[in-house]
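The block underneath contains the structure these notes are about, expressed in structure tokens.
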Amino acid sequence: MFGPVAGRSAQRGARLAVARMLDGRVHHATPDTLSSLVTIMRHGAVAERRRALETVVRSFEPALSPLIALALTDSDQTIRALAAAASARVAENLVLSRARLSARVADGGDPDAATNLARLLGDHARSDVLLSDSQRLHLREDAVATMAAAVSDGADDRHADTRDALMIEAFWAAGDYDAIDWMATAIQASVDRTDAPTGANDRGASTLANWWLTGAVA
């Protein structure tokens, strides 16, 4: 996600500092350290908060965006500036990654391009709090449309589980619970017929359907 910016535009101030964060001179986050980042960002010294922000930037995924949002309200002006630059870089890289995957979808040479694009859009729609609610809604709709178009164009439907999971999330965001009831029932019936296993940490449609139906019964 955090590749070099195209062109030779000069970098100044916070943007230059963020570029230095990205050149490999910081440590990647580990599962043991990720859980403590919120505490550090709220209660750590300025130097500790800056290192925590560097870790988030280097290991960025949409689920970590709340930490950048927290840094945007930091009491230290330098950290706020770094967070603003990081937020801009996240938005920029989303645009670049989307354009790159969209080109691969249009080219037709990569059978997984549509799924990867839908997952990118779905992850940001689900977790990227740096985007507005309307932006996240549009990303979710585009993710579903991307998967649906891949199937309608005759592509292999082996990614149906990913598409159905995105559609459930879209229905949830729209408050269309009747549609979720219908989808969950159909998915569960399909799982029962194939006896397909589901993982406890899976975000696939079968897991979401089971969670929905179990909650409805409870």
Side-chain angles (χ1 to χ4, degrees), residues 1-3 6 56-57 59-66 68-69 87-191 194 196-213:
M1 290 288 291
F2 286 96
V56 170
V57 170
S59 308
F60 182 78
E61 57 185 62
L64 294 177
S65 61
I68 296 179
S87 178
R89 179 66 68 88
V90 168
E92 180 180 25
N93 278 283
L94 172 59
V95 171
L96 294 175
S97 297
R98 180 175 185 175
R100 183 167 56 251
L101 287 170
S102 296
R104 288 165 56 187
V105 171
D107 180 66
D110 184 355
D112 295 325
T115 300
N116 292 334
L117 175 58
R119 284 176 176 161
L120 172 71
L121 301 179
D123 286 345
H124 279 271
R126 182 185 309 115
S127 306
D128 191 348
V129 301
L130 300 173
L131 300 174
S132 68
D133 290 343
S134 61
Q135 286 175 314
R136 293 168 65 183
L137 175 61
H138 289 313
L139 287 180
R140 185 178 292 107
E141 292 173 344
D142 290 346
V144 173
T146 297
M147 293 301 295
V151 174
S152 64
D153 287 343
D156 186 358
D157 199 18
R158 60 195 173 93
H159 299 302
D161 194 61
T162 298
R163 184 192 67 247
D164 290 346
L166 290 168
M167 290 183 69
I168 289 175
E169 292 186 1
F171 288 141
W172 173 272
D176 192 346
Y177 305 128
D178 289 338
I180 300 178
D181 282 334
W182 179 85
M183 279 198 68
T185 301
I187 291 168
Q188 191 61 48
S190 176
V191 171
T194 59
T198 58
N201 296 322
D202 184 27
R203 286 194 61 89
S206 55
T207 301
L208 292 176
N210 182 65
W211 168 81
W212 179 264
L213 294 174

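For the numbers below, each heavy atom of this structure counts, side chains included, while hydrogens, waters and symmetry mates do not.
Partners of Ser134 according to the side-chain hydrogen bond (donor to acceptor under 3.5 Å, both in side chains) rule, which considers only residues two or more places apart in sequence or in another chain, are Ser132. Evaluation of the side chain to side chain contact (heavy atoms under 4.5 Å, CB included) rule for Ser102 yields Arg98, Leu117 as partners, not counting sequence neighbours. With sequence neighbours excluded, no residue forms a side-chain hydrogen bond (donor to acceptor under 3.5 Å, both in side chains) with Asn116. Considering only residues two or more places apart in sequence or on other chains, Ala103 meets the side chain to side chain contact (heavy atoms under 4.5 Å, CB included) condition with none of them. Residues forming a salt bridge (Lys or Arg N to Asp or Glu O under 4.0 Å) with Asp128 (at least two apart in sequence, or on another chain): none.
Contact record, Leu120 with Ser97: CD2-CB, 3.8 Å, taken as the closest heavy-atom pair. The shortest heavy-atom contact between Ser65 and Ser127 is OG-O, 2.8 Å. Counting all heavy atoms, side chain and backbone alike, Arg126 lies closest to Arg136 at O-NH2, 2.9 Å.
Separating the CD atom in Gln135 from the CG atom in Leu137 is a distance of 11.0 Å, to the nearest 0.5 Å. Distance CZ/Arg89 to CD1/Ile68: 11.5 Å, rounded to 0.5 Å. Atom-to-atom distance recorded for His138:NE2 and Leu121:CG is 13.0 Å, nearest 0.5 angstrom.
Between Arg104 and Asp107 there is no salt bridge, since no side-chain N of the basic residue sits under 4.0 Å from a carboxylate O of the acidic one.
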